[in-house]
Amino acid sequence: MVVSAESLLVSVEGQGTAGDATDEFLRRMLKLPMGDKLLSCIQCGMCSGSCPLGYAMDFTPRKMIAALRAGRVDDLYRSESIWLCVACFNCTYRCPVGVPITDRLIAGLREELLGRGVGVPPELQAAFERTSRYGNPFGESAKKRDAWTKDAGMEVPVLHEGDSAEVLWWVGCFGSYNKRNQKDTVALARILKALDVDFGILGSDERCSGDLRCTSQGEEGLFDVLYQHNAEELAKRKFKEVLVGDPHAYNAFNKEYRRLGTPLDVSHYTQFLAERAADIKRRSKKEITAKVAYHDSCCLGRRNGEYEAPRTLLETVPGVRLVEMPRNRENALCCGGGGGANWLDSYIWQRTRVPLAMQRVQEAAKTGAEILAISCPLEVPRFEDAIKTAGLEGRLQVREISHMLAEAMGLNGGARP
Amino acid sequence: MKIAVVLRQVPDVVEELVISDDGRSLSEDDVMYLTNEADDHALEEALVLKARAGAQVTAVSAGGDEAKEALATAVAKGADEAIHVAVPFEHRGDNARLASVLGPMMKSAGYDLILTGVWAADQMDAGLAGGLATQLSLPYVGGLVSMSLDPNGAHAVVRKEFPGGRLGVLEVSLPAVFGIQSAEQPPRYVPVSKVLAAKKALRVREQGEPPAVAAGVRASKLVKSGSEAKAEMLPGAVPQVAEAIVRILRERGIA
Amino acid sequence: MIPREVVVVAEHVGGLLTDVTLEILAGAYEMARSVGWRVTCLILAEDPKPFQALPLAADRVVVVTDPLLGSPNPAAYARVLPHVVKDLSARLVVLGNTSLGIDLAGALSHDLGAPVVSGCVGLRAEGDRIIATSRLCGGKLLAQVEPPGELGIVLVMPGTFHRELGMRDAVPPLDIRSSPVPLDNLPVRFVELQEPKMGDVDVTKASVLIAAGRGVQSKENLVLLEALAKELGGAVCATRPVVDQGWLPRTRQVGRSGMTVKPRLYLALGVSGAPEHTEGMKASGLIVAVNKDPDAPIFDVAHYGATADLLELVPVLTEKIREAKGTQ
């Protein structure tokens with residue numbers, strides 16, 4: 001049964017003032033791409049069933065849509081459920097009718113609350129304010145975005161206005177600023193150099209890709225401002241393709257930037273390097289003897305359908321034995337950091353039972369894996385902390401694929417441990 | 001009820017502070033500004049009072065272009081009116097001068113309450129609020145964390161912070177100037193889209209050229225205090241640092 | 001030549017001069033002696049009795065009395081002080097950079113026609129010149145300021161001088177006078193001074209304090225600090241922003257508007273070290289600070305520092321201390 005937009009609005013209007021706010025919300029949704037799909041819901045419950053935090057929500061995705069149909073969006077605004085979403089995309093991926101739950105429903109509800117300034121978790125507010133001001137959610141100076149290059153032990157080319165390179169490497173906020181991710185960024189830089197890739201970075205002209213909004217946090221305005229800046233900076237340089245370290249940025253470029261008028265030939269670093277797998281394998285002389293489980297990140301996996309490139313790369317490393325976790329590929333369990341949840345950990349933890357990251361590392365440990373390989377920088381701090389909390393230190397190690405490849409290729413060490 | 005809030009722009013210390021060649025001021029090219037934190041709280045307090053008692057809030061900002069950005073944010077948060085006072089770079093941080101500029105302007109406007117932060121990050125003088133109060137012959141109390149207004153608008157009961165966690169309760173006759181320490185709730189969030197919309201529609205009243213006045217105080221020398229850092233830094237990664245700390249504590253009989 | 005007069009404005013609570021008053025007296029006395037000036041300790045009070053036999057570091061003590069000077073009412077002080085200061089022919093007026101001091105600065109400046117230098121962490125005289133050092137921008141900048149003119153007013157930060165040097169071995173001559181101006185029709189009425197609700201921990205009594213700053217990032221992380229505090233037999237305290245967020249009660253706040261503490265160990269975690277905070281803890285026996293910003297002003301007051309990630313460090317440190325205790 002498909003309910004048409006118009007018929008729903010008519011029925012809602014008939015209910016008087018209770019329906020006005022809902023009406024307004026739906027009208028807003030209908031203006032956005034795929035927004036009308038919200039009303040195609042068949043109430044099957046697939047979304048609620050596949051949501052990893054559905055058990056803790058008083059309004060699961062299915063119930064949220066039911067509430068909209070009953071003209072009761074205010075119940076949703078008052079609920080804490082919308083802040084529990086980690087944007088893992090399971091619901092949207094599995095919906096038989098293609099309702100854009102993550103990017104329209106959740107994002108839309110959050111946008112309304114942000115606009116009212118009520119009920120916004122302060123940690124998230126701080127992340128938005130810092131991103132708006134400094135171009136990164138950590139609140140570090142924009143001018144220091146490429147400070148990591150000083151410890152790379154090599155010359156990292158920075159592209160200024162008018163410069164050109166074959167490949168523009170978009171480093172990203174975590175890769176640039178977060179101490180736990182910088183060594184992986186350096187590893188990738190050294191791999192690119194070893195493979196003779198003609199690349200360059202934007203340096204301190206790079207700002208957050210605005211993944212925030214893509215993974216449904218509702219700050220459209222912030223995304224737009226970041227997009228304007230980034231698009232302008234990209235236009236000042238000449239390059240053939242874009243290489244992204246962070247799947248969130250990859251998602252932003254692949255989906256949103258294209259839609260907004262900046263089409264880029266973009267690939268995640270695992271995709272880029274997988275095309276050169278034979279070359280990498282030839283150069284990999286050092287062994288990493290371990291059982292390795294690869295964690296499919298939500299943005300690379302479910303959102304963009306890339307499951308094989310990371311595995312292909314792991315297989316180039318001598319000594320690695322790939323094992324699969326029960327929930328792999330499109331069934332992967334989110335690390336719990338998306339959709340702004342990286343800043344909402346304490347909020348979410350107070351309202352749920354076991355943190356997702358902890359569930360995931362336990363799942364990895366059960367496979368007998370010694371290394372949990374990842375391809376998204378958010379996962380490094382999240383899984384490392386979870387390993388400590390779960391008492392798995394010494395049994396399981398988190399490693400970014402780039403760092404493992406660089407080790408196998410003998411590129412790690414030197415100016416940076 | 002009419003409330004005025006003064007928002008000063010101060011150097012953002014997240015950015016590297018650079019001393020200019022004259023050795024007594026900051027380098028203009030390297031300074032990034034943001035709204036003084038206590039002034040942000042003053043705005044929040046004004047908006048809380050507006051919601052409670054229905055007041056008209058006028059946001060006044062002082063500085064350069066960044067001060068106009070602050071006005072857009074204030075309006076997006078709920079301020080009703082925006083006034084900009086241009087302050088040339090070399091006079092920023094001079095609260096005595098700013099008070100002498102704002103005083104005459106505010107005298108004629110007839111505000112019931114004038115709120116600003118009790119302290120500005122870049123001040124070395126007497127601060128704005130007290131000087132402004134003196135100009136306007138109004139009572140002044142600072143260090144406030146909450147206030148309640150009489151329904152008849154003649155008095156306010158305020159809570160003023162004292163050391164040791166004590167709170168002084170004072171009754172102040174209105175109109176008055178208050179120096180806010182912190183608002184009754186943290187400064188609210190306003191989405192970027194709202195700020196941009198406010199910016200587009202912003203109508204700012206520019207405050208004219210100030211009369212020549214005696215300035216506050218000027219620094220004869222300005223240095224970065226970091227250069228006198230005296231902590232012995234413990235090197236290494238987390239395990240080494242932890243071991244070093246345990247060693248130090250044991251040496252002192254603390255652990 | 002008549003020696004210049006330095007007037008130190010005292011603050012008191014419950015008949016006792018505050019620590020800050022003794023500190024600024026110490027600073028003023030040292031400065032005055034270096035150039036042959038005199039110090040007057042000026043006390044505004046309702047009852048002069050508590051102040052009649054104090055061995056203060058001053059050349060004389062002047063107590064100005066009035067029934068309405070019994071509480072720290074800024075309007076009352078602002079009305080009386082300019083007259084008294086003029087009567088005393090001051091060259092320099094010294095106040096604490098405190099809740100009351102900051103309230104008075106503007107009015108004093110205007111009524112006395114004198115410039116004010118606030119946030120002072122240093123004060124000295126050379127000949128007839130007064131040279132003050134002011135700390136700004138979250139403690140990252142130091143400005144040297146010479147207030148021009150015949151009269152200067154400085155506000156001195158708590159913790160700048162040593163309170164023990166505010167007392168000496170003799171009681172200076174006492175001069176009790178009543179207020180030179182009537183204190184009727186004050187626009188501000190002091191209703192009451194509320195004591196903090198000491199429900200839980202008294203941080204001023206702890207010998208070990210683990211301080212939570214903004215770098216702790218969330219309320220949930222406090223549990224790590226509590227574990228560490230427990231191992232060391234101490235308590236968790238906080239900076240103002242942490243208390244403002246509601247992560248800890250106000251009784252745990254250390255700093256200008258909170259508690260002043262002097263524990264044997266002050267471990268500052270994710271604390272930037274803004275002056276408003278450090279003035280409440282800089283006298284601690286051992287200060288160890290962890291902050292990812294190597295330029296954070298906390299490292300100016302700490303004995304040891306590290307830029308390690310505090311959220312990683314704390315559990316490791318807790319464990320190592322537990323181990324160390326186990327081997328004793």
Side-chain angles (χ1 to χ4, degrees), chain A residues 28 107-108 110-136 138-145 147 177 179-180 183 204 207-208 210 212-213 217-229 340 343 384-385 388 393 416-417, chain B residues 9-18 27 29-37 40-41 43-48 50-51 57 66 69-70 72-79 182-201 235-242:
Chain A
R28 214 159 36 85
R110 289 186 178 187
E111 194 174 356
E112 178 63 30
L113 288 181
L114 286 175
R116 296 182 189 185
V118 267
V120 181
E123 304 96 300
L124 198 57
Q125 174 173 333
F128 283 141
E129 282 167 357
R130 291 192 287 249
T131 303
S132 176
R133 207 181 144 68
Y134 303 107
N136 67 85
F138 309 111
E140 309 239 8
S141 166
K143 295 191 191 127
K144 295 194 182 143
R145 198 171 176 103
Y177 290 106
K179 292 221 154 41
R180 281 153 128 178
K183 64 180 193 332
S204 54
R207 295 269 187 283
C208 181
L212 298 177
R213 174 255 178 233
Q217 292 182 40
E219 242 292 9
E220 289 278 350
L222 180 52
F223 178 82
D224 287 334
V225 167
L226 291 166
Y227 167 73
Q228 294 297 336
H229 172 94
W343 288 273
E384 280 184 353
D385 287 345
K388 285 187 199 134
E393 254 179 308
R416 208 154 148 112
Chain B
Q9 302 301 298
V10 297
D12 186 348
V13 298
V14 163
E15 308 293 340
E16 196 75 42
L17 295 172
V18 179
S27 154
D29 291 334
D30 296 286
V31 177
M32 306 276 295
Y33 286 101
L34 83 175
T35 301
N36 183 41
E37 194 171 347
D40 248 342
H41 280 264
L43 175 63
E44 183 61 33
E45 187 64 29
L47 294 170
V48 166
K50 177 181 175 179
V57 175
E66 73 293 331
E69 301 269 335
T73 304
V75 168
K77 286 186 179 181
S182 64
E184 292 172 50
Q185 64 192 33
R188 65 196 59 190
Y189 185 70
V190 62
V192 172
S193 51
K194 267 199 164 172
V195 176
L196 291 176
K199 220 168 158 179
K200 272 207 205 96
V238 163
Q240 287 79 44
V241 171

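Only the backbone of A:Ala142 comes within contact range of chain B, with heavy atoms under 4.5 Å apart. Only the backbone of A:Glu140 comes within less than 4.5 Å of a heavy atom of chain B; no side-chain atom from C-beta onward does.
With sequence neighbours left out, the side-chain hydrogen bond (donor to acceptor under 3.5 Å, both in side chains) criterion links B:Gln9 to B:Thr35. Applying the salt bridge (Lys or Arg N to Asp or Glu O under 4.0 Å) test to A:Arg133 and every residue at least two apart in sequence or in another chain returns B:Asp12.
Side-chain N or O atoms of A:Gln125 include one that pairs as donor or acceptor with a backbone N or O of B:Pro187 at under 3.5 Å.
The CG atom of B:Leu196 sits 12.5 Å away from the CD atom of A:Glu220 when rounded to the nearest 0.5 Å. Here the straight-line distance linking atom CZ of A:Arg116 with atom CZ of B:Arg188 works out to 14.0 Å at 0.5 Å rounding.
Residues B:Glu15 and A:Ser141 share a closest heavy-atom pair of OE1-OG, 2.5 Å.
Other residues, nucleotides and ligands contribute more than 12 heavy atoms inside 6.0 Å of the CD atom of B:Glu184. Enclosure of atom NZ in B:Lys199 is not indicated, since only 12 or fewer non-hydrogen atoms of other residues, nucleotides or ligands lie within 6.0 angstrom.
Ranked by heavy-atom pairs under 4.5 Å with chain A, the first of B:Ala76, B:Pro191, B:Pro186, B:Ser193 is B:Pro191.
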